[in-house]
Amino acid sequence: MTKAVLCSLCIAMLAAAPGWSMAQTSDPAAHPEDLKQLGVLEQALAEPGVIEHHSDLYFRTLGADAYKAGDKKRALEMFTSAARYGDKPSEAMVATMYWNGEGTAVDRPRAYAWMDLAADRGYHDLLIQRELYWNRLSPSERDEAIAVGKQIYDEYSDERGQQHLAAELSRVALQATGSHTGYVGNGVVARSLGGVGTAFGGSVRGYLNDNNITQLSQYYSSAAWSADDYLHLKDLQWRFKGPLQGNVEVGAPLQFSPTPDSPPRG
């Protein structure tokens, strides 16, 4: 479940949604060290209780579960909550749901504004989808999209989302380790029938086996708890594993021929 979350839970739903198109990218191959760090992140996020403290993934998971269960209104609310932490797949799902009228009335200008926000980190498939939306808007809808987009950016800009996420991750790490400098220590995280706990230099009590104990340095790896490292790895995840992995059928790139009065929005 956790690995599916990291590999962009929303991709399969986006690919199946009306009006959604995906294209192969020409991104260069990932550096081996980057792939190694992605593995570290996947392992850290697989630990019990970690996802709950990454609100971007936590709300995205709730949104995906609600969407698959048919509760589109709740799904939209959860994806919007994830967007507050700068989660691009969730922002793309919000856009798709406004475009298709899922859990809300059809609102194509608002859908474009959300897709524009989702694409602002340069994810290839989202850039293509943004231009597809733009080319389908009428002139009046484009004017409305620009106006509503300013409101959405004021509240959900990538800068604001990263600030919210960084504050959450640093707060949780500080509460767990007590270190203001980022020092983790040589303790362990243990899982037993009583739940999850930490121990520093002492014995851990409970019904345990070796698979239930994780080194604190691994549990609180910077890959998962440093906002800069985490966001960098999320970008890599999308570029190298997200849209091109799983059951998604990847089609040929779409070709656009914008008219002189409809330049790509950026």
Side-chain angles (χ1 to χ4, degrees), residues 8-11 13-14 17 19-21 54-60 62-64 67 72-73 75-170 227-228 230-235 237-239 242-243 256 258 261-266:
S8 303
L9 263 175
C10 304
I11 292 300
M13 290 183 288
L14 286 169
W20 176 267
S21 299
H54 289 69
S55 290
D56 55 330
L57 299 185
Y58 176 68
F59 286 115
R60 190 206 302 177
L62 294 180
Y67 189 96
K72 301 299 177 63
K73 182 178 180 180
L76 182 60
E77 292 173 352
M78 294 300 100
F79 288 134
T80 303
S81 294
R84 194 170 296 280
Y85 294 85
D87 189 57
K88 297 306 174 185
S90 294
E91 291 168 6
M93 277 302 300
V94 172
T96 302
M97 295 181 75
Y98 273 114
W99 188 270
N100 297 324
E102 297 179 288
T104 184
V106 172
D107 190 335
R108 292 176 14 140
R110 186 171 297 274
Y112 171 81
W114 274 103
M115 191 61 73
D116 188 48
L117 177 63
D120 71 357
R121 292 184 71 85
Y123 295 164
H124 185 72
D125 293 278
L126 300 186
L127 289 170
I128 288 178
Q129 194 67 16
R130 181 189 69 183
E131 299 313 311
L132 177 62
Y133 279 14
W134 182 254
N135 278 274
R136 292 182 177 180
L137 294 180
S138 68
S140 62
E141 285 177 324
R142 291 176 182 177
D143 290 341
E144 186 178 346
I146 293 172
V148 75
K150 294 177 181 178
Q151 301 171 11
I152 291 173
Y153 267 83
D154 283 345
E155 186 171 357
Y156 295 95
S157 69
D158 207 36
E159 181 180 2
R160 283 182 176 270
Q162 291 184 32
Q163 290 173 349
H164 292 155
L165 185 63
E168 177 185 44
L169 298 185
S170 62
D228 289 341
Y230 174 66
L231 290 169
H232 171 66
L233 290 172
K234 280 189 71 177
D235 282 347
Q237 179 68 43
W238 180 281
R239 297 180 191 280
F256 293 103
D261 65 337
S262 60
R265 302 297 303 174

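Counting begins at 1 with the first residue of the sequence.
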- Which residues pass the side-chain contact (heavy atoms from CB on, under 4.5 Å) test with Ala113, sequence neighbours left out? Val148, Ile152
- Task: Could you pull out the closest heavy-atom pair between Gly103 and Lys72, with the gap in Å?
- Result: N-CB, 3.5 Å
- Taking side-chain hydrogen bond (donor to acceptor under 3.5 Å, both in side chains) as the test, write out the residues that go with Glu159, two or more places apart. none
- How about Arg84 and Thr80: do any of their side-chain heavy atoms sit closer than 4.5 Å? no
- Message: Restricting to ring-ring contact (aromatic ring centres under 6.0 Å, His included), what partner residues turn up for Tyr123, sequence neighbours left out?
- Response: Trp238
- Message: Tell me whether the rings of Phe59 and Tyr85 are parallel (<30°), tilted (30 to 60°) or perpendicular (>60°).
- Response: parallel
- Could you check if a side-chain atom of Gln129 sits within less than 4.5 angstrom of a side-chain atom of Thr96, using non-hydrogen atoms only? no
- Ser138 and Arg108: which non-hydrogen atoms are nearest, and at how many Å? N-NH2, 4.4 Å
- Sidechain-backbone polar pair: Ser170 side chain, Ala167 backbone, donor-acceptor under 3.5 Å: yes
- Task: Would you check if the side chain of Lys88 reaches a backbone N or O of Ala83 as a donor-acceptor pair within less than 3.5 Å?
- Result: no
- Item | Least distance between heavy atoms, Leu169 atom then Tyr230 atom | CD1-CD2, 4.1 Å
- Task: Look up atom OG in Ser55 and atom CG in Leu62, then write down how far apart they are to the nearest 0.5 Å.
- Result: 10.0 Å
- Task: Kindly write out the residues that satisfy salt bridge (charged side-chain N to carboxylate O under 4.0 Å, His left out) with Arg121, not counting sequence neighbours, or none if the list is empty.
- Result: Asp158, Asp235
- Message: How close do Leu126 and Ala92 get, counting heavy atoms only, and between which atoms?
- Response: CD2-CB, 3.8 Å
- Point-to-point distance, once rounded to the nearest 0.5 Å, from CG of Leu165 to CG of Leu231: 5.5 Å
- Query: What is the distance from atom OG of Ser81 to atom CG of Asp56, rounded to the nearest 0.5 Å?
  - Reply: 12.0 Å
- Item | Nearest-0.5 Å distance that lies between atom CE in Met115 and atom CE in Met93 | 9.5 Å
- Pairing of Glu144 and Arg110 as salt bridge, 4.0 angstrom limit: no
- Query: Do Glu141 and Tyr112 touch side chain to side chain, with heavy atoms closer than 4.5 Å?
  - Reply: no
- How close do Leu137 and Ala145 get, heavy atom to heavy atom, and via which atoms? CD1-CB, 4.2 Å
- Glu77: what forms a salt bridge (charged side-chain N to carboxylate O under 4.0 Å, His left out) with it, not counting sequence neighbours? none
- Would you name the heavy atoms of Ala75 and Met97 that are closest together and state the gap between them? CB-CE, 4.1 Å
- Query: Heavy-atom distance under 4.5 Å between the side chains of Leu127 and Arg130, does that happen here?
  - Reply: yes
- side-chain contact (heavy atoms from CB on, under 4.5 Å) against Ala111, all qualifying residues, sequence neighbours excluded: Tyr98, Trp99, Tyr133
- Message: With a 4.5 Å cut-off on side-chain heavy atoms, are Glu102 and Tyr67 touching?
- Response: yes
